[in-house]
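Each remark here refers to the structure printed beneath this line.
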Amino acid sequence: MTASAPRSQPADIPAQYDPATTERDLYAQWLRAGVFTARPERTTRGGGDAVPFTIMMPPPNVTAILHVGHGLNNTVQDVLTRWRRMAGDETLWLPGTDHAGIATQNVIEKQLAAEGKTRYDLGREAFVARTEEFVRTTGGAILDQLKAIGASCDWTRTRYTLSPEMSLAVREAFVRLYDDGLIYRGHRVIHWCSRCLTSLSDEEAEHEDEDGKLYQIMYSLADDPSQGLTVATTRPETMLGDVALAVNPDDDRYKALVGRMVTLPIADIAIPIIADEYADPAFGTGVVKITPAHDPNDFEVGVRHKLPMPVIMTPEGTMGEGADASGRVPAHLRGVDRFAARAMIVESLRESGSLVRVQPHKHAVRHCYRCDTVVEPRLSDQWFVRMKPLAAPALDAVRSGRTRILPERHEAVYINWLEGIRDWNISRQLWWGHRVPVFYCGNCKWQAALRTDPAGCPKCGGNVRQDDDVLDTWFSSWLWPISTLGWPNEQSRDLKTFFPGDVLVTAPEILFFWVARMIMSGFRFMGDAPFHTVYLHGTARDTQHRKMSKSLGNGIDPLDVVAKYGADALRWTIVSGLGMGADAIFDPADLEKTFAPGRNFATKLWNIARFLLTAAGDDAVAPIESIDQGRLTRADRWILSRLEVAIAECDAALGPPRPTASRWAEGERRAGMRLNEYAESARRFVWNELADWYVEASKARLQGSGPDRDVARAVLVHAFDQALRLLHPIVPFITEALWQRLPGHVDGEFVARAAWPVRRGVGDEPTGFELVRDVIVRIRQLRSDFAIAPGKPVTVHVSRTLDGDRDGERQRASDSLDAVLSEESSTIERLARATLSWGPVANGAPNAKAAIMGGATIAMLLEGAVDVERERSKYAKELAELERQLGALEKRLASPGFTGKAKPEVVESERAKLGEWTAKREHLAVLVQSLGGA
RNA sequence: GGGCGAAUAGCUCAGUUGGUUAGAGCGCCUGUCUUACACACAGGAAGUCGGGGGUUCGAAUCCCUCUUCGCCCACCA
């Protein structure tokens, strides 16, 4: 089956839908037609009339392979992009990959380890070359995988964070911030990963609660070893770097000791007792050891008191003498791993009697976010970005409504983080990444950040060398919304057209890593936020709510799902289960249970189309606008009005695509992005309304030959066409496959760029078809209740039990009921498998059964004996329950609190409810009586 | 140690500012291969909305409290 084949016969549609070949073929068609390619010239910013709509894909790591998290993230983006594309926007969904400094370097280092080598065996240049080669040949595979799930990205604009263009942007940003004094060299304690051999930012060093130990150690006074102070520490090995003991200046216990010296055990050197507010008298013994080079707080104390700062560990995490540490690390500890050293030190303290006690202690220990190694605080020189000035506009953006974050609760988290923001350590002692563009003269003191590499020192002509460090991966990511569009070239057409963008879709984990920083860079370099909406979706988890991960083995391979059930099934499951901000739960042990509903839905659509093509043929179909209103049946008017409702619901669930003004107004700020509600509305329309009722009710007309057939065809094709459009963003493949088969389809047209449904403003009033449905359902219930064999014909005698009533409203209801029943009798008879017969049924007839609807009562006489008492008691129970609720309702409405405070529309709807229930009570009473009520 | 979220049918979840008799999918029960569809159709059972208290004419929805999970943030050695 190829889409280019002629499709004049309905027989062209196979009985079975085959996602695999269809999806591949359709994706190729879309690409060939350039459906996903953004055209700046069509936009309002480029001289056209389309509003631009931009989404930047969070670039997956270049070495990543697709997992459900990506599937989730990109499906959401695709739904939004396809929706806006159909709605007439000029959409740009820009894809790309991230060079992922530490992560990628780790991959290559693992390869080297398998070969028995380290990166140092290769040297920097060869290592980078090898990594580049790896990325070039096997990297970016994930982008192809995204095509398999239908991602409608503009692949002509694919970007990579370590490409030359991105380097240009990174360098420009660095130089500007450096020249503005916002990037500086800092000498302080940072998080150090002794496995990756690099510093980490605060965000990259993640807390993990651990059961540790609190060691209390006695430091004796240098001039009187019989006295001493007890200090508590969780990391005894750092004591070799102690330069003082601190007590609180107001702590009466120790006031007298301030200024005296103690002997540092093991290292056997004298250090002073100092007074500092940092020591908390209430914690432990109130005495804290000060290790400036290995603890950020101690560092601050060290600075205040101008203390030495000896480094007593190597970068690799073994004990060793670094700067200022000579004589501190005993020979037998040098080269010993820090944790082994801890045990050895504790043991020798125990032997010497210095170990006062050891108690269990729960505390949070920071770990490297890439390799999970315990991070070591370590004094070193790093590059930092001064964040306060950058944070201010980003803070204001969310406060003022320029950018909203959904779900709303994340806004408080964002604001809280930005208010307490600390400077960002951006240098990494890695080889894979953008190199810090700072140059130093080997001769004079000259140093500068430069856009291009200098030939020599501009001051003295001496040799220059570039800083060895590379930049944090996020230093390129934070420029993503602008660098991908051509910044720093501000004349770039894409930048002028597609910045600022619209929506950012990502997981909450990287709100700080990435989202906040992108907003900052947007303001800093372009003077505006890069998007007006941040949509944070949940995490993919298994049924035990554990995060899906490779190490747990509880993941689901999206491509596996695509192969088994089709991409649409995967997408359907994701979207229909996507509550605002809620985690998405999938069962990796039961793919069938998880994804079959999506497949089943696609199959349903397929079969509706098969019916449509068989019954309606594919001769030309009149446009719905050309059908004279008077020729529409109740079913026609009903399904058209249901379509109006469905469109309205989908639009409401998706919400406004952008703020109406330059900022989100309170009323719209939290609206929309309810993808699950959108999916449900569309599904209900096409399945429960169009397929279950309209198609069934219209079969006779469609299979007949009268002029009415054309009316039914027009309505059916219109309704299904619109349904396919509503569903296309969620299930793009099946809808495209079917839409192209609809009668009247013109070759080369795609539902992917067909117009999004718009309400026509017709069919608001009740159509009477609701009554038809009620009658059919009631008769079906009777058949089922009385176990009447499906094949057995049954006659239903219809009469109005309240016929004598001349009250106007009720009379009208009865008259309208009569009209509906007689005019629609053939439909009712067919769908309910019953014969309708008019005429009064004697009250109390032994086999009478009745149904209530629309303000009138009909009685039905079923052939064969029925259990009248059972019926009577059933209705009597219903009546009793109704009376109870009616009583409560009446009481509620009569209370002064209600009439005084409730909104007018609520009062009105509650009054209407009261009337409805009252009428129903009357009907039920008649019914119970007619069934021989006791 | 702070902050936030969740708890609704057997399972996974909706339920937008308090206002029809709380919904969907899956599962379950009973029928049906009714000429688009058994990946379907028709009918049905099933929830004291985590416990307790409060506000209100009215609470799954707001307030307090308790229990159980989860997430984020955090320099108490």
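Per chain, numbering begins at 1; letters A, B, ... match sequence-line order.
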message: On the nucleotide B:rC75, are OP1 or OP2 found under 4.0 Å from the side-chain N or O atoms that A:R422 carries?
response: yes
A:R235/A:E376 salt bridge by N-O under 4.0 Å criterion: yes
task: Please list, by residue number, the residues of residues 506-514 of chain A whose heavy atoms come closer than 4.0 Å to an atom of RNA chain B; answer none if no residue qualifies.
output: A:F512
task: Return one dot-bracket line describing RNA chain B 5' to 3' (Watson-Crick or G-U wobble pairs, both distances under 3.5 Å; ( ) same strand, [ ] crossing, | another strand, . none).
output: (((((((..((((.....[...)))).(((((.......))))).....(((((..]....))))))))))))....
- prompt: So, is A:H207 near the phosphate of B:rC75, with a side-chain N or O under 4.0 Å from OP1 or OP2?
  reply: yes
- prompt: Per the atom types in the model, does the base of B:rC4 pair as donor or acceptor with the side chain of A:R409 at under 3.5 Å?
  reply: no
query: Does a nitrogen or oxygen in the side chain of A:Q781 sit under 4.0 Å from OP1 or OP2 of B:rA42?
result: no
query: Side chain of A:E696, base of B:rA36: donor and acceptor closer than 3.5 Å?
result: yes
query: Going by an N to O cut-off under 4.0 Å, is there a salt bridge joining A:E881 and A:R884?
result: yes
- request: Please determine if a side-chain N or O atom of A:K913 lies less than 4.0 Å away from the OP1 or OP2 oxygen of B:rU21.
  value: yes
message: Less than 3.5 Å apart, any donor N or O on the side chain of A:N676 or A:S576 sitting next to an acceptor on the other?
response: no
query: Would you say a side-chain N or O of A:N600 is under 4.0 Å from OP1 or OP2 of B:rA40?
result: yes
query: Would you say the base of B:rC37 and the side-chain of A:K604 have a donor-acceptor pair closer than 3.5 Å?
result: yes
message: Can you tell me if A:H361 touches the phosphate of B:rA77, counting only side-chain N or O atoms and a distance under 4.0 Å to OP1 or OP2?
response: yes
message: Counting only side-chain nitrogens and oxygens, does A:K891 get under 4.0 Å of the OP1 or OP2 atom of B:rG58?
response: no
